[in-house]
Structure formats: C-alpha cells, structure tokens
Amino acid sequence: MSAQDPKETINIENVVASTGIGQELDLQSVAMDLEGADYDPEQFPGLVYRTQEPKSAALIFRSGKIVCTGAKSTADVHESLEIVFDKLRDLEIRVEEDPEIVVQNIVTSADLQKTLNLNAIAIGLGLENIEYEPEQFPGLVYRLDDPEVVALLFGSGKLVITGGKEPADAEHAVDKITDRLDELGLLDG
Amino acid sequence: RLRKWQERIRTKDAGERNLQFALSEIDRMASALGVPRSVREVASVIYRRSLADDLIRGRSIEGVATSALYAACRKEGIPRSLEEISEVSRVERKEIGRTYRYVSQELALEMRPVDPKKYVPRFCSELTLSEEVQAKANDIIETTADEGLLSGKSPTGYAAAAIYAASLLCNEKKTQREVADVAQVTEVTIRNRYQEQIEAMGIHS
DNA sequence: ATGTTACTTTCGAAAGC
DNA sequence: GCTTTAAAAAGTAACAT
C-alpha cells in the first residue's frame, strides 16, 4: 500500500546549465546598472545575479557566457535565463534571439522507502566501488558507470543523485541501485 | 654531462630528504599518539606506496604522511579519530580526511568502516571503567549496529554513547561530559546516540 | 537542555590565479 | 588545485537561549 515505485519519489532539486549571449560584456558597468547584481572581481570573475521567480542564480562572465544554477527544472532554467537575457537587453546589450542552453548537471533526491544498512551495503557493493566514511560524511558514495552519475545513499533510505544531464538519468540510476541492492538482499532483510 | 649528473644527484637527494622527512614525521606523530611500532611500519609502507604511485603530486608531504598514519591505525585495529590525528599533525582535519580518501582509493586499501567497538578499550581505560562496562558497551554496540542503527553515524560518537549507557547500567556512572571529552564529541551527540541505543536495546531505566 | 545556523559530501559550468 | 552559485541528503558542532 505504502510501497510505491521509488522512481515516483524522484524530485529534481537543482539544475545547472550554461549558455552565452554571444557578446563580450563590461561587467563593471553591468554591475552599476543592474540592481541586485553582486560583482567582486577580486573574489570571483563572474557577476552574480539572482532571479526570484523562478528562483535561481546566474553567473555572468566578461566573455558573455552565463551559468545558471538553482532552478528546479529545465523549464525553470529557460525561464530564469530569459529573464536574465531581458534584463541585459534593458541595458542596451545585444543578446542573441535564442542562445543555446546546455544542461550540465541535474541534482535529484529520491527515497527507496526502506532503511539501509550502509555497512553491509559497503561490503556488498564492494569496498573498491564505494566510499563510505561516516566519520566524515553520513552518506555512502556510489559512482555508477551507466548512467554516469554519483549517488549518495543514506541510512534512512533516501538518496541524492547528481552528475546527470537529463531527468531520465536519475530514473535509470534509481532502477539500477534498487535492482543491485535487491539482488544483494540488502533492502531491509 | 656533468650538469645532468648533478641534477640527478640533486633530485635523488631531494627525494631522499623528503622521504626521510615524511618518515620522521610519521614517527613523531606516532609517538605523540602512543601507537605501537607496528603501526608506524604499516604507515611507512603506505607512504612509500603513495610515493611510488605518484600520489603526492599536488599534495603536501605532511598531508600524505598523516593520512598514511591514520590509515595504518585503522588497518591495525587501533583507530585514532581524525580529530585526534589532527592534534598531532600540522595538517588540518579536513585535508587529512580528503587525502586519506584519495590515498585509500588509489592504493585500493579497501578499508572497512571503523567498528566503534575498536574505541571501547582505550576510551574506557582513560575513564578507568571496569571490564564489565567494556563488555556491556560492546554488547550495546554489536546489538544495535546489527539493527542498522549505526548507518551514517560517527564511530566515536557511537562508542561514546554506548560507554555512557554501559557505565550507567553497571553503576559506574560517568557524566556525558566526561565521556564526551575522551571521545572528543559533544554531549549532544552522546545524548542523541544514547537515546536511540537504549530504545533499540529495550532498556528503560 | 533545546533551538538556530552552519559546515561536511556529491556534481557541473564559467575565467583567472 | 582554488575562488562562486544552488540544492538535497543526515550527522555533527558551535553558539545562543
């Protein structure tokens, strides 16, 4: 009744993407005119601009390249970047019509809905394939080859999957992890 | 050519000096921690393997030496926490931890997670607790860990809580602060682990 | 003794040191 | 390698109440 497919519990928590306006920028002046912009070249070469809805943070560089992070979906990434593009246009900066936006990383969380004995899992998956140092971090780090993602498994059964380029990567990862733990008889039992 | 010859000697000498420095550091830290000679030997082997596999590039000699000692203590079954290790090293805890993880992966040391029970004898000794308390603490750790209660928890905090609980059960009470001090964890951690363990053991007191 | 804030881990891009 | 951004997981710690 309560046990549903772990895939249904997958939630996208953050999407990182990169793009560019195809134009060099004078970040100093952009920082002056764009309200809410944080720019401290001594500390970091990029200018930070935050959007409220959707919530995200954009890192704008002198080269015109932009990194967007914090969005909850790929659609939000596009929305956020459109806002950034329009803000720049308001500053009389030429921005390409539809700059190519490339998703670089998707962070998701999920729930296997069964508590995990990480010690047993560490041995079962093979000590050479995992990293588990509870003195340093409570999660067990499991790197998958296909899809090429990294999963952090917790004793509660919840997990984080990061490194994927598309939502499907997380689903495949959850499937593989579930299957692997099942065949090892490590889901509860 | 003479120049090339000198360069080789210079490199060889530098390498030799660095190795000697690393080994003397391992010796110094091991003495400060009071670990047996066998541990220093294991640490030396791990350091030499790190050197042979070129793992020191981009890292400090001290960091690798300290990590080798941390790994050796664990491998020999007498673990020292990163907190304890960092007190005798000039490398900070975070760096020792990440270097250890790197060396451990690269050399395929296949280190198993630290068993909290490995801390019981030393901590109890420092607290002058009886054999009975040690046995009780080990029982609590073993029983509750098998129920999956150990997952994700720090070995020192887990051991500390079990020792605290055992000291109460055996009428040799030590305060949370006393146990927290030897284990180098906070009272809050002992409190949290203690509650879980007691509940899992079905004890009420 | 409890509550808040903050730091640990994973990932990726950007430009520059 | 570092710097900055955001986000989740759960444990631990520092400091306040």
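Bear in mind the structure is a predicted one, so any value in this text is a computation, not a measurement. Every chain is numbered from 1 and lettered A, B, ... according to where its sequence line falls, protein lines coming before strand lines.
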> To the side chain of B/Arg98, which of D/dC2, C/dA14, C/dA13 is closest?
Replying inline: D/dC2

Which whole-number value in Å describes the distance from [X] [atom1] to [N] [atom2]?
| X | N | atom1 | atom2 | answer |
| --- | --- | --- | --- | --- |
| A/Phe61 | C/dA14 | CZ | P | 8 Å |
| A/Asp169 | C/dG12 | CG | C1' | 13 Å |
| B/Glu83 | C/dT8 | CD | C1' | 13 Å |
| A/Gln104 | D/dA6 | CD | P | 18 Å |
| A/Leu25 | C/dA14 | CG | C1' | 13 Å |
| A/Tyr132 | C/dT10 | OH | P | 16 Å |
| A/Lys65 | C/dA14 | NZ | P | 5 Å |
| A/Tyr39 | C/dA15 | OH | P | 12 Å |

With a 4.0 Å cutoff (strictly under), does any side-chain N or O of [X] reach OP1 or OP2 of [N]?
| X | N | answer |
| --- | --- | --- |
| B/Arg93 | C/dC7 | no |
| B/Lys94 | C/dT8 | yes |
| B/Arg59 | D/dG1 | no |

Pairwise [atom1] distance, [M] and [N] [rounded to whole Å]:
| N | M | atom1 | result |
| --- | --- | --- | --- |
| C/dT9 | D/dG1 | P | 13 Å |
| D/dA6 | C/dT4 | P | 22 Å |
| C/dC7 | D/dT4 | P | 11 Å |
| D/dA7 | C/dG3 | C1' | 23 Å |
| C/dA13 | D/dA8 | P | 22 Å |

> Under the 3.5 Å rule, do the base of C/dA13 and the side chain of A/Ser18 count as making a donor-acceptor pair?
Replying inline: no

>> Within the 4.0 Å limit for protein heavy atoms, which parts of nucleotides 7-15 of chain D are touched? Write it as a string from 5' to 3', B for base, S for sugar-phosphate only, - for none.
In response: BBBBSSS--

> Counting only non-hydrogen atoms, which of residues 74-91 of chain A are less than 4.0 Å from DNA chain C?
Replying inline: none

> With a 4.5 Å limit on heavy-atom distance, are the side chains of A/Pro54 and A/Ile83 in contact?
Replying inline: yes

Are the charged groups of [X] and [Y] less than 4.0 angstrom apart, N to O?
| X | Y | result |
| --- | --- | --- |
| B/Lys136 | B/Glu172 | no |
| A/Arg89 | A/Asp86 | yes |
| B/Glu187 | B/Arg177 | yes |

> Between B/Arg74 and B/Tyr70, is any side-chain donor less than 3.5 angstrom from a side-chain acceptor?
Replying inline: yes

> Which residue pairs pass the ring-ring contact (aromatic ring centres under 6.0 Å, His included) test when at least one of the two sits in residues 104-150 of chain B, sequence neighbours left out?
Replying inline: B/Tyr119-B/Phe123

> With both distances under 3.5 Å as the test, what is the Watson-Crick or G-U wobble partner of C/dA15?
Replying inline: D/dT3

Give me the one residue out of [options] that meets side chain to side chain contact (heavy atoms under 4.5 Å, CB included) with [X].
| X | options | result |
| --- | --- | --- |
| B/Ile61 | B/Asn18, B/Leu51, B/Val91 | B/Asn18 |
| B/Val120 | B/Asp115, B/Ile140, B/Asn138 | B/Asn138 |
| A/Tyr142 | A/Lys176, A/Glu131, A/Arg180 | A/Arg180 |

> Do A/Thr51 side-chain atoms and A/Ser56 backbone N/O form a donor-acceptor pair below 3.5 Å?
Replying inline: yes

>> Does A/Ser63 reach a base, just sugar-phosphate, or nothing at all? Heavy atoms under 4.0 Å.
In response: sugar-phosphate

> With sugar-phosphate meaning primed atoms plus P, OP1 and OP2, does B/Arg57 contact a base, only sugar-phosphate, or nothing at under 4.0 Å between heavy atoms?
Replying inline: nothing

> What do you reckon, is CG of A/Asp145 surrounded by more than 12 foreign heavy atoms closer than 6.0 Å?
Replying inline: no

